[in-house]
Amino acid sequence: MSAESPLTVASPNSEPSTTRTLLVVDGHSLAFRAFFALPVDNFSTQTGQATNAVWGFATMLAQVIDAEHPDHLAVSFDVKGGTFRNQLLPQYKGTREAAPEELLTQLPLIQRMLTALGVTYIEKPGYEGDDIIATLATMGDREGYHTLVLSGDRDAFQLIDENVTVLYPGHHFKDLKHMTPQAVVDKYKVTPQQYPDLAALRGETADNIPGVPGVGDGYAAKWLNQYGSLDSLCEHADEIGGKKGEALRENIEQVRLNRKVNALVRNVDLGVAIDDLTFGDVDVAALNELFKDLEFGSRTRSRVLKTFGNGVAASAKATRNGGSADSNGPADTGEGLEPLRPTAIASAADFGSWLETHRPQVAVPDEVAQFTVRDYADDDRHAVCGNAVDHAWTIAAWGDARPGRSTLQTLAVAVGDDAALIAAPIDEALRESLQTFLDEEHGRAIVHGYKELLHLLGAAGLDMDLPMFDTKLAGYLAQPDFHADDLAEAAEHFLDIHVEEQARPAQGTLDFEDEAPEPEPDEDRLRDLAIIHGLAHTLGPIIDEREQCWLMRAVELPVSRVLHGMEHIGAAVDQQRLNAIRDEFAADADMAQTMAWQFAGSDINLQSPKQLQKVLFEDMGLKPTKRTKSGSYTTNAAALQSLYERSLDNERANGFLGALLRHRETNKLRQIVQTLIDATNRSDSRIHTTYEQTVAATGRLSSTDPNLQNIPNRNASGREIRSAFVAGEGYSSLMSCDYSQVELRIMADLSGDEALIEAFRSGADFHKYVASMVYKVPVDQITGDQRSHVKAMSYGLAYGLSTYGLAQQLGIAPREAEALKNRYFDTFGKVHDYLESLVASARRDGYTETIFGRRRYFPALQSTNRVARDAAERAALNAPIQGSAADIMKIAMIRADRALAEAGVTSRIILQIHDELVVEVAPGEVEQVTALVSDAMEHAVDLAVPLDVSCGLGADWQLAAH
DNA sequence: GTATGAACGTA
DNA sequence: CGTACGTTCATACG
């Protein structure tokens with residue numbers, strides 16, 4: 001979940017009521033939930049103190065108070081040391097004891113915050129928080145209160161009655177379910193009083209309490225409704241037949257014990273009266289001090305003060321903190337958006353004088369500004385930069401950054417509270433002084449999206465060497481799974497600042513020629529500048545702390561520059577050839593469609609799965625194979641193929657399916673070619689894709705508008721499309737260079753598996769060699785099947801492939817796949833250990849890391865949902881491998897680009913397809929360029945195994961294949 | 001007009 | 001019942 005999205009309560013209790021309301025909070029439960037709902041890395045202080053649970057606790061509590069308006073409030077906590085429950089059941093909460101250190105250190109902070117807020121918290125040795133809650137609820141009940149219990153522990157359900165409601169967090173922390181007697185009956189089919197009986201039967205995994213095996217909520221409820229209570233059920237245990245009855249009888253002692261343990265104590269001596277549990281007497285000074293320590297911003301503080309400052313016992317509030325929230329001013333933590341003072345720049349002279357008055361504010365140390373990468377050696381990896389962001393220039397530009405046709409509207413340079421706004425068009429004198437400024441100061445600048453900035457600057461004839469910091473790239477490194485579409489979203493996510501949507505014309509993607517897009521108002525631009533500065537302030541320390549500065553400055557930023565060049569140049573296509581290919585596919589598709597319609601007997605839309613389902617499974621009565629995830633019958637190619645093979649005796653169905661399959665394939669290809677035709681720039685006959693550098697969670701690039709990373713390559717007819725990608729004017733050929741088995745080589749290196757390393761060093765046919773090791777037969781006796789099975793196994797490794805999946809893919813029995821897997825891991829034991837260790841460390845640390853320190857976080861590893869957890873395990877297995885391969889390719893691109901530039905050749909990289917680079921080669925440069933690019937790729941990184949690169953050359957992309 | 005699901009292309 | 005993406009079309013929604 002997003003760290004800053006306001007936590008809202010599902011159904012606020014807005015009924016005006018004369019009854020007083022008491023809110024009791026299970027402090028541990030709330031802290032626990034907050035800790036796991038919010039990414040700890042966004043919430044920690046410079047000194048490394050985690051604060052996510054404190055922040056979540058404060059926000060959530062404020063939210064509930066705003067929604068429910070309780071008159072009285074208390075928070076309960078567990079105390080260290082066991083309770084009577086541990087004596088009854090030694091393993092009680094055994095699985096929970098492993099509360100992360102980072103959470104435990106926050107509990108005292110939460111209590112300190114509660115004290116500052118004037119909220120009573122209660123802990124009692126020998127009892128759990130739940131017992132305190134039960135006691136308070138019981139006291140409240142007696143004294144005529146309506147009690148709300150905020151707890152994520154289902155044991156609290158036994159307290160529910162007409163006057164006690166449990167607020168129970170749902171899947172999303174922010175969705176609170178109001179558990180009333182009726183809600184309990186609806187969900188569990190038993191009354192709240194019966195709930196502990198049900199829980200005793202079922203057990204509670206979270207508390208390490210075993211129930212009756214095979215008995216869940218359903219059976220437990222059925223029995224309880226039959227026999228009325230657990231006692232009565234136990235007496236009649238012999239009457240229950242079947243496996244479940246047997247299981248019940250075997251575990252009846254455990255169940256009785258469970259029931260004793262889950263009964264909450266309602267008469268703990270707390271030494272307080274409900275009437276004393278007021279709140280709102282806030283000690284503002286103490287709160288300020290705490291929030292300063294925690295580095296919470298003014299926004300969080302005023303949010304909390306707004307709620308607690310209005311409590312019923314706020315007698316002192318008016319005098320004590322009436323104005324202090326404002327008089328302190330916005331906290332200088334970067335959270336408040338200081339409005340910037342704009343200066344309009346219209347000439348070189350304007351800019352010169354603005355610059356001279358503002359230059360003194362910039363204080364970036366030379367060693368930071370002049371950061372250069374000698375080579376990708378380890379000694380640079382600890383470089384820092386985030387400490388300098390507060391005293392740097394912010395440079396931003398607005399306009400249309402589409403590669404090949406970008407236009408600049410406005411350029412801005414800001415520092416401190418001041419911003420210079422430069423509107424296009426820019427005259428030559430101003431352009432020159434701007435260029436001089438950029439040449440001198442690029443290393444002291446923060447930007448948001450260096451690649452896009454280069455496109456915009458380029459539209460005005462400007463260029464900018466590497467900046468110090470890029471907040472877009474930094475945000476991506478900090479949280480690769482989060483993707484903001486614009487600055488406002490990034491601000492919301494990272495800064496907890498809500499920027500209201502400005503009414504503005506639709507994003508100018510399809511703007512008409514004669515209708516110039518309305519320029520964004522200055523306020524929007526000043527706001528954007530402030531956001532960029534705020535992002536740098538927040539993200540800089542995170543990047544430094546994780547030692548990812550090197551990754552940003554030596555990898556991501558330089559690769560941005562390379563990508564900008566590739567996008568700007570584009571890939572030349574042969575328009576005639578594209579048209580011819582399109583026409584051919586279109587004719588085939590039309591023919592197949594006509595044929596399909598004849599067999600079907602009606603002109604259905606062959607692209608509508610719904611209409612296909614009707615024809616295939618209703619009209620023709622075919623037996624469906626698989627279902628889609630939404631429950632309908634799939635009509636995907638695999639299903640159609642198997643239907644086709646099973647319908648040889650049904651002429652009509654067989655004919656229809658054959659035509660349909662043919663239509664699917666050719667129509668898809670037609671559509672792909674048409675997309676390429678539409679995406680071709682008329683003026684230069686080239687296609688300018690956009691590479692997304694901050695989208696793929698593993699660190700890979702992606703390609704959009706159009707996607708040039710998914711041009712068909714697997715079968716001959718699709719591959720034809722590649723023949724339309726050609727060398728452009730002034731160039732003679734295309735060269736394609738790709739890595740072979742990078743991911744496997746990375747696994748060999750990282751696992752240190754001697755056998756696999758040897759397989760790569762031998763230089764033989766890799767898969768054959770591996771097969772011979774797995775099957776223990778000489779290489780020349782390996783059959784085709786053996787080779788392909790081992791090949792599939794090797795590739796499946798990095799995906800967390802299951803034996804079932806392997807069997808499916810190879811068309812063999814699961815037993816055989818299992819045997820293959822065992823033999824494989826017998827041979828390559830360290831690979832197995834390595835893959836296991838990846839998941840283990842992800843579970844321990846919360847994230848995985850690539851060779852170069854790129855992280856990816858996996859909160860879903862903590863999920864109680866098996867499907868979600870298993871998926872997260874596979875992703876955690878894959879991320880460092882796919883990610884390291886992506887890192888290596890990025891480094892290779894930077895090296896290759898630099899090598900080509902330093903050699904003074906005109907040949908250039910135009911495409912990247914994950915493990916392949918396509919280079920447009922100028923006449924007479926073939927040999928030199930081949931050597932430079934393959935060397936750059938082969939030596940991007942030094943692994944225990946060689947990196948193998950193969951290059952091919954040809955007049956077009958298809959012919960360049962090798 | 002926007003969002004979703006199914007399908008399918010790549011590494 | 002392997003990972004990572006982007007695009008298209010149909011369909012359902014407001």
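Just so we're on the same page: letters track the sequence lines, and every chain starts at 1.
- No hydrogens or angles were tested; on distance alone, a donor-acceptor pair under 3.5 Å links the side chain of A:Arg700 to the base of B:dA11.
- No hydrogens or angles were tested; on distance alone, a donor-acceptor pair under 3.5 Å links the side chain of A:Asn710 to the base of B:dG9.
- Between A:Glu692 atom CD and C:dT7 atom P the separation is 9 Å, expressed in whole Å.
- Within the 4.0 angstrom heavy-atom criterion, base atoms lie near A:Arg714.
- A salt bridge links A:Lys472 with A:Glu452: the distance from a Lys NZ or Arg NE/NH1/NH2 to an Asp or Glu carboxylate oxygen falls below 4.0 Å.
- Residues A:Ser740 and A:Arg745 are in side-chain contact: their nearest non-hydrogen atoms beyond the backbone lie under 4.5 Å apart.
- Applying the 6.0 Å contact sphere to CZ of A:Arg662 captures no more than 12 heavy atoms from other residues, nucleotides or ligands.
- For A:Val695, the listed nucleotide lying nearest its side chain is C:dG6; candidates were C:dT3, B:dA11, C:dG6.
- At a threshold of 4.0 angstrom between heavy atoms, the contacts of A:Ala886 with the nucleic acid are absent.
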Subject >> Letter per nucleotide, 5' to 3', of nucleotides 9-14 of chain C [B base touched, S only sugar-phosphate touched, - untouched; heavy atoms, 4.0 Å] >> reply: SSSS--
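- Residues that satisfy the side-chain contact (heavy atoms from CB on, under 4.5 Å) test with A:Gln808, not counting sequence neighbours, are A:Tyr804.
- Taking the six-membered ring for Trp and the full ring otherwise, A:Phe858 and A:Tyr847 have centroids separated by 6.0 Å or more.
- In this structure the side chain of A:Val919 never reaches within 4.5 angstrom of the side chain of A:Cys737, judged on heavy atoms.
- Atoms CG (A:Leu612) and C1' (B:dC8) sit 15 Å apart, rounded to a whole Å.
- Looking at the side chain of A:Ile672, the nearest of the listed nucleotides C:dC1, C:dT7, B:dG9 is B:dG9.
- With ring centers used as reference points, A:His688 lies 6.0 Å or more from A:His568.
- Rounded to an integer number of Å, the gap from CD of A:Gln613 to C1' of B:dA7 is 12 Å.
- Atom-to-atom, CG of A:Leu838 to P of C:dG2 comes out at 19 Å; the value is rounded to the nearest Å.
- Among the atoms of the strands shown, none is found under 4.0 Å from any heavy atom of A:Leu877.
- Looking at residues 623-642 of chain A, you'll see that no heavy atom sits under 4.0 Å from any atom of DNA chain C.
- With hydrogens and angles disregarded, a donor-acceptor distance shorter than 3.5 Å links the side chain of A:Lys451 to the backbone of A:Tyr691.
- Using P as the reference atom, B:dT4 and C:dG2 are 26 Å apart when rounded to the nearest Å.
- The ring-ring contact (aromatic ring centres under 6.0 Å, His included) check on A:His663 picks up nothing, with sequence neighbours excluded.
- One can place CZ of A:Arg745 at 17 Å from P of B:dA11, the figure rounded to the nearest angstrom.
- Looking at heavy-atom distances under 4.0 Å, A:Ala798 makes no contact with the nucleic acid at all.
- Within residues 805-814 of chain A, the residues approached by DNA chain C to less than 4.0 Å at the level of any non-hydrogen atom are A:Gly805, A:Gln809, in residue-number order.
- Distance from the side chain of A:Asp705 is smallest to C:dT7 among B:dA11, C:dG2, C:dT7.
- Two rings, from A:His767 and A:Tyr795, have their centers less than 6.0 Å apart.
- The number of heavy-atom neighbours closer than 6.0 Å to CD of A:Glu584, taken from other residues, nucleotides and ligands shown, is 12 or below.
- Put simply, the side chain of A:Arg856 and the base of C:dA4 share no donor and acceptor less than 3.5 Å apart.
- DNA chain C contains the following stems of three or more consecutive Watson-Crick or G-U pairs, with both distances under 3.5 Å: B:1-11 with C:3-13.
- Within the nucleic acid shown, A:Asp870 has no heavy atom closer than 4.0 Å to any nucleic acid atom.
- One can place CD of A:Glu743 at 13 Å from P of C:dC5, the figure rounded to the nearest angstrom.
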